[in-house]
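For reference, the structure is listed below as structure tokens.
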Protein chains: 2
Amino acid sequence: MDRAEEPGGPGTAGSQPRPGGKHARGGNVFEHTIAELLRAIRLGKYLVGDKLPAERELAAQIRVSRATLRQALIELQTAGIVTSRRGRYGGTFVTRLPSADTDERIDPGELDDAVRFRLVLETAAARIVAEQDLSPNEVAALTAAETDCRTVFASAEQFRVLDARFHLMIAELTHMPSLIYASASTRDRVNALLDRIPFIHTNVEHSCDQHREIVDAILASDPDRAADLAAQHAEGTEKLLRGFLEQR
Amino acid sequence: MDRAEEPGGPGTAGSQPRPGGKHARGGNVFEHTIAELLRAIRLGKYLVGDKLPAERELAAQIRVSRATLRQALIELQTAGIVTSRRGRYGGTFVTRLPSADTDERIDPGELDDAVRFRLVLETAAARIVAEQDLSPNEVAALTAAETDCRTVFASAEQFRVLDARFHLMIAELTHMPSLIYASASTRDRVNALLDRIPFIHTNVEHSCDQHREIVDAILASDPDRAADLAAQHAEGTEKLLRGFLEQR
DNA sequence: GCCCAATGGATCGTTACCAGACCATTAGAC
DNA sequence: GTCTAATGGTCTGGTAACGATCCATTGGGC
């Protein structure tokens, strides 16, 4: 190796991916904040109808000033994704899911990276969780997340949120902050890709079946089987995405 | 990435880790820049004696303004880690390795997270690389990185740089930017922990032997063995660290 | 010997973002 | 009915970081 740099080398320096903008970080803090909120909604942290945390609290969570957060919220409000009510017991509420950014170009490397990294993370998470002893609460949460997925065969959007919640649930059960964060981040990238391809019922049902099997393997404390099933599951998505998006 | 998030919701929102500071990101851009430079040096991207990229270029790489970069460089210069020379064919040169920040407190969760995530990443990387066909150049680079480790039994600092280079080499051979970035980031966290414990010759020799075995498995295209060896290797470090640092 | 290109060094005006204080509105409690 | 606590909405001053420009130094090429 060496410090040839650029072309190949997304090496060690370079910090987070930060497109281009005025200040540091992701372009600017404002856009980053919007992205963060959208992601949380898309990944099912806040479902439609849910109330977001109070502005002061949410700002602290995203580590951004309230002023900037409000800018972002106003943007989302304009887009019809949230609404705000004043007064005690008021707040900001999710009204609908954000529509997919179908216009963005597809970076060929992006697909490859996102989908392969997802395979790594989810396989590992499934194995790790299967090796643990889960508390009754955790078991309940996991099975609930699994069955929730089966309730919605209607829209791609709704399914995707619940699907994401299921997979993130597994990641969270590892209690590894790094893995949780990486999984959420990667999941969102994969979801963005899934939005580009048709919604296929058969696939959804198959996915749900696989979810069930993964949960079974985890609850049966069978790490190898859990990992293997998770890998198969991820590979299914991978093939689907590559089939639709690669080479064009 | 790292650090989780607030107590309750280690969920999906929460953005990059941003301790506490004025502006956004890692406290402030200035500190982040220093950290980034130190990391690149510690992980062997720039070895002692090497010339850093020109300020204008380096600033662009780190995605930071030249003014901020210079602040950081001046700090490093004051600390004796780099020196600058003006004029054409001048530049900024690495003079010595940064000394470890032994004063920082050890977050008990940090050890656990860093060490477990490292296991996940390096196991996956080894498996993936073993599944690939490597080009002659890649094979050469890998074996070179491995043998380089054996050349230095002198100081902990030097060994750690070469050790990091070896592991990052494997990560880079996956050609997965996300995995490369995560590996570098995690590696640095682990290194910071290793700086707190004594440097044990026997362990280093054992590590080198394991490196050799891992390379053998990769070149033999034996993914399972490569993954298994990588896991054993990482677990060795894990036990060492836990033994010295946990519970006190 | 002169010039030039590449580098580090310095300065300046602008802006994005922040912290904190304050105002406005609301629903429930009393 | 009034009070109160929790919330969204508004405003102000401070500053970190930026982009841009210019200066200073140096070694090699002509």
Side-chain angles (χ1 to χ4, degrees), chain A residues 3 5 15-16 18-37 46 49-78 80-95, chain B residues 15-16 18-37 46 50-95:
Chain A
R3 46 232 74 104
E5 220 51 71
S15 114
Q16 260 47 349
R18 268 185 277 128
K22 301 281 177 137
H23 257 59
R25 191 160 15 136
N28 48 46
V29 180
F30 168 59
E31 284 174 15
H32 168 78
T33 306
I34 290 194
E36 203 68 26
L37 292 171
Y46 310 112
D50 280 4
K51 185 181 121 174
L52 302 188
E55 290 183 357
R56 291 164 178 82
E57 189 189 337
L58 187 54
Q61 273 179 33
I62 309 187
R63 311 285 246 279
V64 93
S65 78
R66 203 184 145 209
T68 307
L69 171 66
R70 298 204 79 245
Q71 271 191 301
L73 285 176
I74 287 168
E75 198 76 8
L76 295 191
Q77 214 166 348
T78 308
I81 294 166
V82 302
T83 50
S84 292
R85 284 204 306 274
R86 277 199 185 186
R88 193 172 189 181
Y89 305 93
T92 307
F93 301 81
V94 180
T95 52
Chain B
S15 111
Q16 259 47 350
R18 269 183 280 126
K22 299 285 175 135
H23 259 58
R25 197 169 2 148
N28 48 47
V29 181
F30 166 59
E31 285 175 15
H32 168 79
T33 306
I34 290 193
E36 204 68 26
L37 292 172
Y46 310 113
D50 280 4
K51 185 181 122 174
L52 301 188
E55 289 184 357
R56 291 163 177 81
E57 189 190 335
L58 188 54
Q61 275 179 31
I62 309 188
R63 312 285 246 278
V64 95
S65 78
R66 203 184 145 212
T68 306
L69 171 66
R70 299 203 78 244
Q71 271 191 301
L73 285 176
I74 287 168
E75 198 74 8
L76 294 192
Q77 214 166 348
T78 308
I81 294 165
V82 302
T83 49
S84 292
R85 283 205 306 273
R86 278 199 184 186
R88 194 171 190 180
Y89 304 95
T92 306
F93 300 81
V94 180
T95 52

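Here is the naming used below: chain letters follow the sequence lines, and residue numbers restart at 1 for every chain. All values reported here derive from a predicted model rather than from experimental measurement.
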Practice prompt. State, yes or no, whether a side-chain contact exists between A:E75 and A:F30 at a heavy-atom distance under 4.5 Å.
Written response: yes
Worksheet, complete the sentence: On DNA chain C, more 5' by nearest nucleotide between A:G87 and B:G90 is B:G90
Fill in: Whole-Å gap separating P (D:dA17) and CZ (B:R63)
17 Å
Worksheet item: Could one point to a donor on the side chain of B:R85 or the base of D:dG27 with an acceptor on the other under 3.5 Å away?
Response: no
Item to complete: Go through D:dC18, C:dA10, D:dT25 for me and flag the one nearest to the B:T68 side chain.
Response: D:dC18
Worksheet, complete the sentence: Looking only at D:dG8, D:dA17, C:dC17, the nucleotide nearest the A:R56 side chain is D:dG8
Discussion item. Tell me the interatomic distance from A:E57, atom CD, to D:dG8, atom C1', rounded to whole angstroms.
Written reply: 14 Å
Discussion item. Tell me the interatomic distance from B:F30, atom CZ, to D:dT15, atom C1', rounded to whole angstroms.
Written reply: 15 Å
Worksheet item: Taking atom P of D:dG8 as reference, at what distance in whole Å does atom CD of A:Q71 sit?
Response: 17 Å
Worksheet item: So, does the side chain of A:R88 form a donor-acceptor pair with the base of D:dG8 at under 3.5 Å?
Response: no
Worksheet entry | Whole-Å distance separating the CZ atom of A:F93 from the P atom of D:dG8 | 8 Å
Fill in: Any donor-acceptor pair under 3.5 Å from B:T68 side chain to B:V64 backbone
no
Worksheet entry | Below 4.0 Å: OP1/OP2 of D:dG8 and any side-chain N or O of A:T92 | yes
Worksheet item: Over how many whole Å does the gap from A:K51 atom NZ to D:dA6 atom P extend?
Response: 11 Å
Practice prompt. Counting heavy atoms from C-beta on, name the nucleotide in C:dA24, C:dC17, C:dG8 closest to the side chain of A:N28.
Written response: C:dC17
Worksheet item: Which whole-number value in Å describes the distance from A:I62 CD1 to C:dC18 P?
Response: 11 Å
Practice prompt. Using a 4.5 Å cut-off on heavy atoms from C-beta on, say whether the side chain of B:T92 contacts that of B:L58.
Written response: no
Worksheet item: Closest to the A:R70 side chain: D:dT7, C:dG8, D:dG8?
Response: D:dG8
Practice prompt. Could you work out which one of C:dA10, D:dC18, D:dG28 sits closest to the side chain of B:S65?
Written response: D:dC18
Item to complete: Search all heavy atoms of A:I34 against all heavy atoms of A:A72 and return the closest pair with its distance.
Response: CG1-CB, 3.6 Å
Item to complete: Check every atom of C:dG8, D:dC18, D:dG9 against the side chain of B:V29 and return the nucleotide holding the closest atom.
Response: D:dC18
Worksheet, complete the sentence: Atom CZ of B:R66 and atom P of D:dC22 are separated, to the nearest Å, by 14 Å
Worksheet item: Between B:E36 and B:I62, what is the shortest heavy-atom contact and its length?
Response: CG-CG2, 4.0 Å
